[in-house]
Protein chains: 2
Amino acid sequence: MKRKMTLKNIARELGVSISTVSKALKNSNEIGAETIERVQAFAKLYNYRPNNLAISLKNKRTNNIGVIIPDIVHYFFTTVFRGIEQYSKKHGYNVIACVTDESLEREVVNMEMLANGSVDGFIMALSAETQKKNHFDHLKRINELEIPLVLFDRVTDEIECDKVLINDREAAYNAVMKFIENGRRKIALITTEDYFSVSQGREAGYRQALESFGLPVDEALILKLPFMDLDEILINTFFDSQDIDAVLCVNEIFAIHSMNLVQKKGVNVPEEMEFIGFTDGILSKYAKPGLTSMAQHGFQMGEIAAKMLIDRIQSGLSEKEEPCRTEIIESTLIERESTINAIPVL
Amino acid sequence: MKRKMTLKNIARELGVSISTVSKALKNSNEIGAETIERVQAFAKLYNYRPNNLAISLKNKRTNNIGVIIPDIVHYFFTTVFRGIEQYSKKHGYNVIACVTDESLEREVVNMEMLANGSVDGFIMALSAETQKKNHFDHLKRINELEIPLVLFDRVTDEIECDKVLINDREAAYNAVMKFIENGRRKIALITTEDYFSVSQGREAGYRQALESFGLPVDEALILKLPFMDLDEILINTFFDSQDIDAVLCVNEIFAIHSMNLVQKKGVNVPEEMEFIGFTDGILSKYAKPGLTSMAQHGFQMGEIAAKMLIDRIQSGLSEKEEPCRTEIIESTLIERESTINAIPVL
DNA sequence: TTGTAAGCGTTATCAG
DNA sequence: CTGATAACGCTTACAA
C-alpha cells in the first residue's frame with residue numbers, strides 16, 4: 001500500500017510544523033517566501049493532494065449533492081441529470097446519484113444514507129410509490145435537519161421547498177388547442193393513474209382546453225393506464241370502442257406505442273388520427289411518423305434545479321429564512337409528422 | 001441552524017464519556033446493560049445518526065465508488081450505470097457519477113477530484129478523446145495510488161486493471177454470418193473512426209466473417225462516420241454509390257438513421273436490404289421495422305463491473321497482488337423485422 | 001515568521 | 001464496566 005502524502009508527512013520531512021505547511025500551500029502571507037517555495041516544491045514533487053474527507057469534516061460541507069431519481073434508463077430523467085451534473089461540476093460540486101426504481105422504501109433508504117454528512121443538499125423527483133402513498137416523513141426529516149432540498153417534475157405540496165416544474169396544465173392545454181385548430185373534435189387522452197402530480201396537471205389542461213372551446217369532456221375518451229404498463233389489449237380495446245381523431249399522451253412511450261398500434265390497424269397518422277406526446281425524447285424524433293411532442297427541456301430543468309440548490313447551500317439560509325421559490329419551465333411544442341400542417345423538424 | 005446530535009452531545013447530556021456512548025450504541029459487551037439501554041433510548045429519541053465523514057476519515061474508506069462515463073443520455077451507458085448503481089447500493093456503496101462528455105480534460109479533472117479520498121475505486125468507460133489521443137497518465141496515477149479501477153466497454157491495453165467487455169469481434173462475426181445465411185453477399189459496415197476499441201473489434205469481426213466465408217472485403221463497403229456525426233449527405237452518397245444488400249452498424253443510432261434514409265429512397269427493408277445494429281436499445285425496439293440488434297447486456301456489465309470493483313476494494317489487494325481479470329459478456333442477437341426469417345420479438 | 005493546540009465526529013487502545 | 005487518550009488529515013486562532 002502506497003503511503004499517501006499528508007501535511008504531517010511533508011512537515012516531518014521538511015522539519016517544519018504542520019500548520020506551516022498548511023499555510024505555505026495556501027500562499028499565506030504569514031509564511032516566509034523561502035519556506036513557501038520549499039514546501040510547495042516538495043508538495044509538487046510528491047504529488048500532494050489534500051484529503052477531501054478531512055476538509056469536509058472540518059468545514060462541515062462536502063461539495064457533494066445527492067440526486068434521487070426514480071429511473072435513469074429514461075430520456076427525461078437522464079436529461080435532467082445531465083443538466084444537474086454539468087452545472088454542479090462547473091460550480092465545484094460532485095453528484096451522488098441514487099435511483100429509487102419508483103420505490104418509496106429505496107427513496108427513504110437512499111436519503112437516510114446520504115443525509116448524514118455525505119451531501120450538502122438534495123435534488124429529487126418523487127417515486128411513483130411515494131406519490132401514490134403520499135408518504136413524506138423522510139422529506140420532513142430532511143427539512144428538520146435543514147438540509148436544502150429541490151424537488152423537480154414530480155413534486156408535492158406537502159413539502160415546503162424549492163421546486164422546478166414544467167407548466168403541465170398549460171402545455172396540455174396548448175396541445176389540445178393545436179388539435180382543435182387542426183379541426184379535431186374527438187380528442188382522447190392517454191394518461192397514467194391519478195396519483196402523479198404531472199398527470200394531474202396535464203389532465204386538467206386537457207379538460208380546460210375542451211371546456212374553453214365548448215366541447216364536452218367525454219370520460220370514455222380518457223384512458224388511464226396502470227403506470228408504465230403497456231397493456232396492448234387495453235389500448236386496442238380503447239381504440240376499437242371509441243371514435244377518436246386525435247390523441248394526447250402524457251408521455252412518449254404511451255404515444256409511440258399507441259401510435260404504432262393504431263397504425264397496425266390501418267389507421268393513417270396523421271390524416272385520420274393525430275398524436276401528440278410529452279417528453280421530446282429520442283423516440284419521438286426517430287418514430288415513423290415523427291411524433292409531435294411537448295419538449296420538457298430537461299437539461300434546463302436540471303441546471304436550474306442545481307442552481308437553486310447551490311445558491312441555497314451557499315447562502316446558508318434555511319427554507320424559513322429565505323422563502324422557497326417555484327420555477328416554471330415553459331415547455332415547447334415540437335411539431336413533426338404526427339400532426340398535420342407541421343413543418344417537419346428533425 | 002439545527003444542532004446535530006453527536007456522540008459528544010449525547011455524552012454530555014447523559015453525563016457519560018464519549019467512548020462509552022460509542023460502545024453502547026454498538027452493543028459492546030464492555031458496557032453495562034443499563035447504560036446501553038439509556039444511551040440507545042436517548043439516541044433514538046434525538047434521532048442520532050453517525051456522521052459518515054468522520055467514519056470515513058477514520059476508516060480510510062468512503063463506501064463511495066466513482067463512475068466516469070462519456071455520456072449519460074445514451075441507452076447503453078445508462079443501462080450499465082443502472083447495473084452498477086443497483087449492485088453497489090445492495091452492497092452498501094454509493095455511486096458518484098461523473099460525465100465526461102467525451103472529453104479527456106473532463107475525465108482527468110473528474111478523476112483528480114474524486115481520487116483524493118472521495119471514493120474507494122473507479123468504474124469507467126474511456127472518453128472518445130482519451131481513446132483518440134491515447135493519453136492515460138491520469139489512469140496511471142490512479143494505478144500508482146493503488147486505487148482500484150475497472151474499465152468497461154471502452155478500454156485500453158495500456159492500463160493494467162480489471163475489465164469488462166463484450167465479445168465485439170465475435171458479435172460482429174455472428175451478425176455478418178446471419179446476413180450470409182440469409183443469402184446476402186454485398187454486406188456493408190457503418191462504423192466510427194478507428195480509435196474506438198469497440199469499433200476496432202467489430203470491424204475485425206466483420207472482416208473475419210467475410211474472409212472465412214471466402215468473400216472479398218470491399219473497402220468501399222466500409223463507411224467510417226466521424227464520431228456521432230449523422231451526416232446525411234455522407235450516408236446518402238454511400239448508399240447511392242454502392243451496391244449493398246445488408247448493413248451492419250456499430251451502434252443503434254447509425255443503424256436507425258441509415259435505415260430511415262434508405263427507406264426514404266424507397267428501399268424495402270428487409271427484402272432488399274437487411275440491417276443489424278449494436279446496442280439493443282429502446283430505438284431498436286420501436287423502430288419501423290424493428291431493428292435486429294446485438295444486445296450488449298449493459299445491466300449485467302454494470303453489475304459485474306461493480307462486483308469486480310467491490311471485491312477488489314474489500315480484498316484490499318492491489319493489481320500487483322491479485323492479478324487482473326477481464327470478463328467477457330456474450331452479446332445476443334435480438335431478431336426483429338429488419339432481417340428476414342426473423343421471429344419478431346417485442 | 002513559525003509553531004502550538006484545539007477542534008471537526010468517530011473509533012480503538014489501554015488504564016482505571 | 002467506564003473513561004482518557006490518541007488518531008484519522010486538515011484548518012485556524014492564538015502564542016511564541
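What's counted below: heavy atoms across the whole structure, side chains too, no hydrogens, waters or symmetry copies.
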field: Check: B:Gln131/B:Ser197 side-chain N/O donor and acceptor closer than 3.5 Å
entry: yes

In numerical order, the residues of residues 39-47 of chain A whose heavy atoms come under 4.0 Å of DNA chain D are none

Give one of base, sugar-phosphate or nothing for B:Arg49, where a contact means two heavy atoms less than 4.0 Å apart.
sugar-phosphate

Is there a donor-acceptor contact under 3.5 Å from the side chain of A:Gln300 to the main chain of A:His297?
no

Next item on the list: Would you mind classifying the nucleic acid contact of A:Leu57 as base, sugar-phosphate or nothing, using non-hydrogen atoms under 4.0 angstrom?
Entry: base

Just the table, please: protein N/O against nucleotides 2-5 of chain D N/O, every pair under 3.5 Å.
unit_1, atom_1, unit_2, atom_2, d
D:dT2, OP1, B:Thr35, OG1, 2.9
D:dT2, OP2, B:Gly32, N, 2.7
D:dT2, OP2, B:Thr35, OG1, 3.1
D:dT2, O4, B:Glu30, OE1, 3.3
D:dG3, OP2, B:Ser17, N, 3.2
D:dG3, OP2, B:Thr20, OG1, 2.6
D:dG3, N7, B:Ser19, OG, 3.3
D:dG3, O6, B:Lys23, NZ, 2.2
D:dA4, N7, B:Ser19, OG, 3.4
D:dA4, N6, B:Ser19, OG, 3.0

Bounded by its outermost nucleotides with an atom under 4.0 Å from a heavy atom of chain B, the footprint on DNA chain C reads C:dC8 to C:dC14

Quick note, ring pair (Phe, Tyr, Trp, His ring centres under 6.0 Å) partners involving residues 80-109 of chain A, not counting sequence neighbours, are A:Tyr87-A:His91

(message) Check the phosphate of D:dA7 against A:Lys8, side-chain N and O only, distance under 4.0 Å to OP1 or OP2. Yes or no?
(response) no

Side chain to side chain donor-acceptor pair (under 3.5 Å) pairs touching residues 302-312 of chain A, sequence neighbours excluded, are A:Asp162-A:Arg312, A:Lys307-A:Asp311

Residues at least two apart in sequence or cross-chain that pass ring-ring contact (aromatic ring centres under 6.0 Å, His included) with A:His135, listed by chain then number, are none

Review point. Do any N or O atoms from the side chain of A:Ser22 and from the backbone of A:Ile18 form a donor-acceptor pair under 3.5 angstrom?
Key: no

Exercise. Please indicate whether A:Glu158 has more than 12 foreign heavy atoms, meaning atoms of other residues, nucleotides or ligands, lying under 6.0 Å from its CD.
Key: yes

Contacts satisfying salt bridge (Lys or Arg N to Asp or Glu O under 4.0 Å) that involve residues 47-70 of chain B (not counting sequence neighbours) are A:Glu112-B:Arg49

Give the table of side-chain donor-acceptor pairs shorter than 3.5 Å for residues 35-46 of chain A, with sequence neighbours excluded, one pair per line with atom names and distance.
unit_1, atom_1, unit_2, atom_2, d
A:Arg38, NH2, A:Leu14, O, 3.4
A:Gln40, NE2, A:Ala24, O, 3.1
A:Gln40, NE2, A:Asn27, OD1, 3.0

Hits for side-chain hydrogen bond (donor to acceptor under 3.5 Å, both in side chains) against A:Glu107, two or more places apart or cross-chain, chain-then-number order -> A:Ser127, A:Thr130, A:His138

Those residues at least two apart in sequence (or on a different chain) that pass side-chain hydrogen bond (donor to acceptor under 3.5 Å, both in side chains) with B:Asp153 are none

Axis-to-axis angle for the helix from C:dT1-D:dA16 to C:dG16-D:dC1, ends of five pairs each, to 10°, equals 60°

So salt bridge (Lys or Arg N to Asp or Glu O under 4.0 Å) across residues 94-103 of chain B, not counting sequence neighbours, yields A:Arg82-B:Asp101, B:Asp101-B:Arg106, B:Glu102-B:Arg154

